[in-house]
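When reading the values below, keep in mind they use all heavy atoms of this one structure, side chains included, and skip hydrogens, waters and symmetry mates. When a residue number appears, it is its place in the shown sequence, counting from 1.
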Amino acid sequence: MIAVLACKFCRFAIRLLGRGGTDFPGRVALKLCPNLLGQLAKNVTTVIVTGTNGKTTTSRMIEQSWQDAGISFFANRSGANLLSGVTAEFAMNSTFTGKCRYTHALIESDEAAFKAISKFVDAKAVVVTNVFRDQLDRYGEVTHTLENIKIGIANSPNATLCLNADDSLCTSIAGDAKNPVIFYGIQTPIYAARVDELSDAPYCIHCKHAYEYEYVTYGHLGKYRCPACGYARPEPEVAVSDVVISDGEHSELIFSVGGVQYPASVNLPGGYNIYNACACMAAGKAMGLDLTVTAKSLSGFACGFGRMEKFQIGGTDVRMILIKNPAGCNQVLNFLTQRKEPFVFVACLNDRAQDGKDVSWIWDVDFERLVEMGDTLKSIYVSGVRAEDMALRFQYAGFPVDRLHVVKDYGKLMEQATKQNAPVFVMPTYTAMLDLRSTISKRYGYKQFWE
């Protein structure tokens, strides 16, 4: 196929230039053959992971479980999750004649692009992580995001759906779908204390009455029920029955599936990663995998780039945690405010197309809770295109100006932040993450994000 050849050549040329080029080769291929993805994905057993938050980490967890199960597969681990990027990944993992070299594909899909990707890919399973308010200039309100996902589901009649039972928006998908459904969820609160946050779905999706909660895990997730019409959280088939330990490095969990207990250690911290692990177990059930192997794999997966990714810079531990909306950012703060040891905080805010032009969401994040940590938070550095906006937000939150630093140059930023004799936690938006990660890769010898 000429389109496959063109895609491979473009990717090769871009890599020679030392750039990522995850989407452009696919755009070239689609110009030559608009139905290319449909041809390449035919006869490939595919699982699609979509939703607002947690797609990449959930995909990496599933990837490890497939590897441990001995499945022949490829995944779009570079983060190319639009139609062009997914097309490029299928092309790069196919022969010049268009035959895939693997029996399975694991595809992370942008929630807005899912409706287009699903037209060409006949998924065996679709995992939906959650539905939160995201980039308003791109996605609109949560109902618009939900409708996009529902269109993708309608295009996937042969897929088993893995839906987050704790998300009232996500659960509503099952009402319109004829697909088999596996609900997954958490049967217990996951934080001793949570940051204050606005709910993206406080009212019943059916009758608009306010939900009542037995408990809230975060955002609008939890054990909800509408007292007016009776719409309520379904009992999850795959559940976290107990959170044994959740510290700064990992979580130890007990999963309950069909009355069988599966202990697991998740090698990433944070309550939101407990949800990602639960989604991975649901995907394993949908694929008919040995869940003992799936649970064990959670201790050995490699996190996606920028998702709790860890670096060593000048002897200092640095964790990079992607942020893009209030719900995800508040979850990072839930994680950080559990710390007792001093640390340095870095926020990198951009407003490019992939980040979302509207950065007003930073005012919906409870940064005051971070400021209340006092001397445990040694200093704050802000960077990125909208660094001044983030600095202003911290000033309004009450952080001392003498410990608040604006550093636009990423090289200098890392030099200064890592000289404070304390671990550094970096929260960048998407394009800031790519730029900062590129700087770290070149200066300190780490792999580029696409490698």
Between [X] and [Y], is any pair of side-chain heavy atoms under 4.5 Å apart?
X    : Y    : value
V318 : Y444 : no
M308 : P269 : yes
L36  : L40  : yes
Y211 : P202 : no

Quick one, T429 with K324, criterion side chain to side chain contact (heavy atoms under 4.5 Å, CB included). Give me CA distance, side-chain angles, the key distance, then yes/no.
CA-CA 6 Å; T429 56; K324 59 177 184 172; 5.8 Å; no

Would you kindly say whether E111 and N148 are connected by a side-chain donor-acceptor distance under 3.5 Å?
no

Are a donor atom and an acceptor atom from the side chains of Q187 and S241 found within less than 3.5 Å of each other?
no

Does atom [atom1] ([X]) have a neighbourhood of more than 12 heavy atoms from anything else shown, all under 6.0 Å?
X    : atom1 : answer
K124 : NZ    : no
Y213 : OH    : yes
Y215 : OH    : yes
K8   : NZ    : yes
F96  : CZ    : no

Of D166, T171, D167, which meets side chain to side chain donor-acceptor pair (under 3.5 Å) against Y224?
T171

Hey, mind stepping through R386 and D389 against salt bridge (Lys or Arg N to Asp or Glu O under 4.0 Å) and telling me if it holds?
CA-CA 5 Å; R386 301 294 290 269; D389 295 76; 2.9 Å; yes

Closest non-hydrogen atom pair between F114 and S109, with its separation
CA-OG, 3.3 Å

Given salt bridge (Lys or Arg N to Asp or Glu O under 4.0 Å), test K296 with D68 step by step and report yes or no.
CA-CA 9 Å; K296 186 177 180 182; D68 292 350; over 6 Å; no

Could I get the full list of ring-ring contact (aromatic ring centres under 6.0 Å, His included) partners for Y272, not counting sequence neighbours?
none

Could you tell me the separation between the CG atom of D110 and the CG atom of L82, rounded to the nearest 0.5 Å?
5.5 Å

Begin with the C-alpha distance, continue with both residues' side-chain angles, and end with the deciding distance and a verdict on side chain to side chain contact (heavy atoms under 4.5 Å, CB included) for Y184 and I182.
CA-CA 7 Å; Y184 65 90; I182 297 173; 5.5 Å; no

Evaluate the criterion side chain to side chain donor-acceptor pair (under 3.5 Å) for residue pair T217 and Y275; output intermediate values, then yes/no.
CA-CA 10 Å; T217 51; Y275 271 106; 2.7 Å; yes

Go through it in stages, so that I can follow the logic: the residues are R352 and D435, the test is side chain to side chain contact (heavy atoms under 4.5 Å, CB included), and I'd like the CA-CA distance, side-chain angles, deciding distance and then a yes or no.
CA-CA 12 Å; R352 296 178 182 137; D435 293 341; 2.9 Å; yes

Could you check E415 against K412 for salt bridge (Lys or Arg N to Asp or Glu O under 4.0 Å), going step by step and ending with a plain yes or no?
CA-CA 5 Å; E415 286 178 12; K412 293 179 180 178; over 6 Å; no

Run the salt-bridge test on R133 and D364 with the 4.0 Å N-O cut-off and return the result as yes or no.
yes

Begin with the C-alpha distance, continue with both residues' side-chain angles, and end with the deciding distance and a verdict on side chain to side chain contact (heavy atoms under 4.5 Å, CB included) for V332 and F425.
CA-CA 10 Å; V332 177; F425 293 88; over 6 Å; no

